[in-house]
Amino acid sequence: MDYSSVNTSEQLSFLRARDPSILSGNFASKRENVRTNLLADLEECEPEEEEEDKNIQIHLRVKYADMDESYTIDNNAIHCSVPMSSSSHSNNLKGVDSIVKKFTFSHIFPPESTQGEIFNVVVKPKVFRFINGENATLMSYGASGSGKTFTIVGTVTDPGIIPRTLEYLFRTLPELPETPLVKPTQLTQVEMLSAAQCQQEVIAKNNLLSMAKMTIDEGHTNTYQEMQSRLSQESAGILDDFSSVSLTVWVSFYDFSSVSLTVWVSFCEIYNEFIYDLLTPTPKQKGTSRTKLKLGIEAYQILQYGLHNLKYASTSINPHSSRSHCIFTIKIAQVVNGMVNVCRLNHFNFCDLAGSERLKKTMNEGDRLKESNNINASLLVLGRCINCIRENQKKNIKKIVPYRDSKLTRLFQRALSGNESISMIVNINPTAVMLEESLHTLNFSAVAKEVVLKRTPIKIKKKHRLSSYIQAKNLFAANREEDAYEINRMQDLIDKLYLELERQTQYYATQEDRIREEIWEQQKTIYDEMKENHREEITAIRDSHKRYIQGLKELYEAKYKPVEVVNLVSSSSDEDEDGDVQLVETENAYEAVLQKYEEQVCSLQEENVTIEEENSELRNQLQMYTNWIDLQNDDILP
Ligand SMILES: Nc1ncnc2c1ncn2[C@@H]1O[C@H](COP(=O)(O)OP(=O)(O)OP(=O)(O)O)[C@@H](O)[C@H]1O
């Protein structure tokens, strides 16, 4: 595989806060929900900005092994009896077999020190400062097999600094969003992610995790729980006190709901002077490895997966020797109110350096020899850089520091030039056989210790950062005030509207009763009037008909009854013929009258029928009116 084509830019993985269920462990104490006064906390931090320049913190860890009698440890100093070779004898040391060299350190961890102690003393304060906005770099330096990887990574049964830091972060970080909101682009900048980009990150994360599952054997994937339970069994003080008051600043900051936080990790190695991303072993997949991780367990799996991809080989000194410098970085990006220009991006680098090797001892050849040479060369450049920085500082000169001579020093240029907190854990194997390597390490540390971390640039940076916070804080405060004012105003308005609504409800209730009453009265009057009108009308029509028929009857009775009587009388007279004629005429006349009468009766009957029909129509209409009024009443009346 042509590794030279690998993109050497850093790949990141997004991390989310730990699984809340993990908090149920017996070492889990919840953060207090402390609110308030970011500015006060920050202002309290201000005097620190004015601190004197500080030397690089160098700690010594002595490996758990049979300590050679040449060493004695006395508080923060280690004394080492160095045998004098005849060639090195100066005139005034003639006849002296050995001299005792004294090396002092910020802290010395004797062989029996635990991983937890080292984390507590060296790393915990830095992680706290990291969360609060300070960058940090921690390196382990030492000869091969001296315990660097053990210190930085550790084992499942004895977890080292990185798992403890992850545990600490995921225990204390607030619940983070499901998807990353921002992504670090440069050292101090972030970019907002679009919805599609967020989705890509989630997909990349899932790919990475399934790759991790495939690569790491099953037993290995359970190591997170195992590691956790180990941590929980440790005696008090490893993680419990993290959630105490010291986190107030940070907690209070995150109580501002408009701050969004994302955590990313990257893991890379410098192998034979090439940088490889341990989270994307296949160069084809470059650019897809920025991955969001959900839980602490995922972060740990990523660490394990990265370690799996790391170059190890067996040498005569260490059967599981790291053949590269590996760098695990955690980044925390905080964005205020979604404004990428009011952001804070901090990183914490953990660098497990490959061990310096004496070729004679390692008996390396082939690949191992090439690796050894590269390891030693880059460590040499690291030494030269540190020497040069110290010299510049001592003599107040500006000699060019050869950062560019190795990938390692290029990567850590910022930290080495004093722009951010850097510390080292120097590891030595105190056995007799490794004395020479240990002395070399101790000499290196003696030089490194003298390098002064110039605080001035940090001061400026921190001031910038502080001003960002103050700006953000003021913004929050202003927004809060505005919000509070607006909320009060709205509340007043709502109260007023409620009162008005109540008043209106009462008014309309009385109005409705009144209107109902009025309509009822109105309709009732109309109804009664209509009823009365129709009744009178019908009675009048009936009466008129009755009268008319009665009149007709009387008329006919008066007109025809006498004729009949006269006719009856006249038909019994003397002159038969005349009488016959008269009778016939009378009969005819009578019949004609009768016919007329019948016709009139007929027409009267017809007329009567018509009147009846009209009556019935009127009755129908009356009924309709009645129905309509009833309907109206139904609608109107309660
Ligand atoms: N303090 C310690 N207590 C117990 N075992 C230790 C300690 N330090 C180192 N070891 C063991 O010593 C062996 C070598 O340690 P480690 O691999 O950490 O060395 P190293 O300095 O990283 O070596 P290299 O540079 O070759 O990778 C490992 O098996 C490790 O578990």
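Counting convention: from 1, in listed order, for ligands and their atoms alike. What you see is a predicted model, and the numbers here were worked out from it, not measured in a lab.
- Distances from atom 11 (C) of ligand 1 to the heavy atoms of Lys63, Glu112, Arg61, His325 show the closest one on Lys63.
- At least one N or O atom of Thr149, backbone or side chain, sits closer than 3.5 Å to an N or O atom of ligand 1.
- Remark: ligand 1 and Phe150 share an N or O pair separated by less than 3.5 Å (distance only, no angle test).
- Between the CZ atom in Phe350 and the CG atom in Leu138 there is a gap of 6.5 Å [rounded to 0.5 Å].
- Ligand 1 lies within reach of Gly145, whose nearest heavy atom is under 4.0 Å from it.
- Atom OH of Tyr71 and atom CG of Leu435 lie 4.5 Å apart (nearest 0.5 Å).
- Not counting sequence neighbours, Lys101 has no partner by the salt bridge (charged side-chain N to carboxylate O under 4.0 Å, His left out) test.
- Scored by the salt bridge (charged side-chain N to carboxylate O under 4.0 Å, His left out) test, Arg384 finds Asp405 as partners (sequence neighbours excluded).
- Per-residue contacts place Tyr64 under 4.0 angstrom from the following atoms of ligand 1 (heavy atoms of the residue considered): 1 (N), 2 (C), 3 (N).
- For the pair Asn387 and Arg390, the minimum side-chain heavy-atom distance is below 4.5 Å.
- In the candidate list Ser140, Ser144, Ser113, Gly147, Gly147 is nearest to atom 9 (C) of ligand 1, counting heavy atoms.
- Put simply, the residue from Ile108, Asn427, Asn76 that forms a side-chain contact (heavy atoms from CB on, under 4.5 Å) with Leu60 is Ile108.
- At least one heavy atom of Ala143 lies less than 4.0 angstrom from ligand 1.
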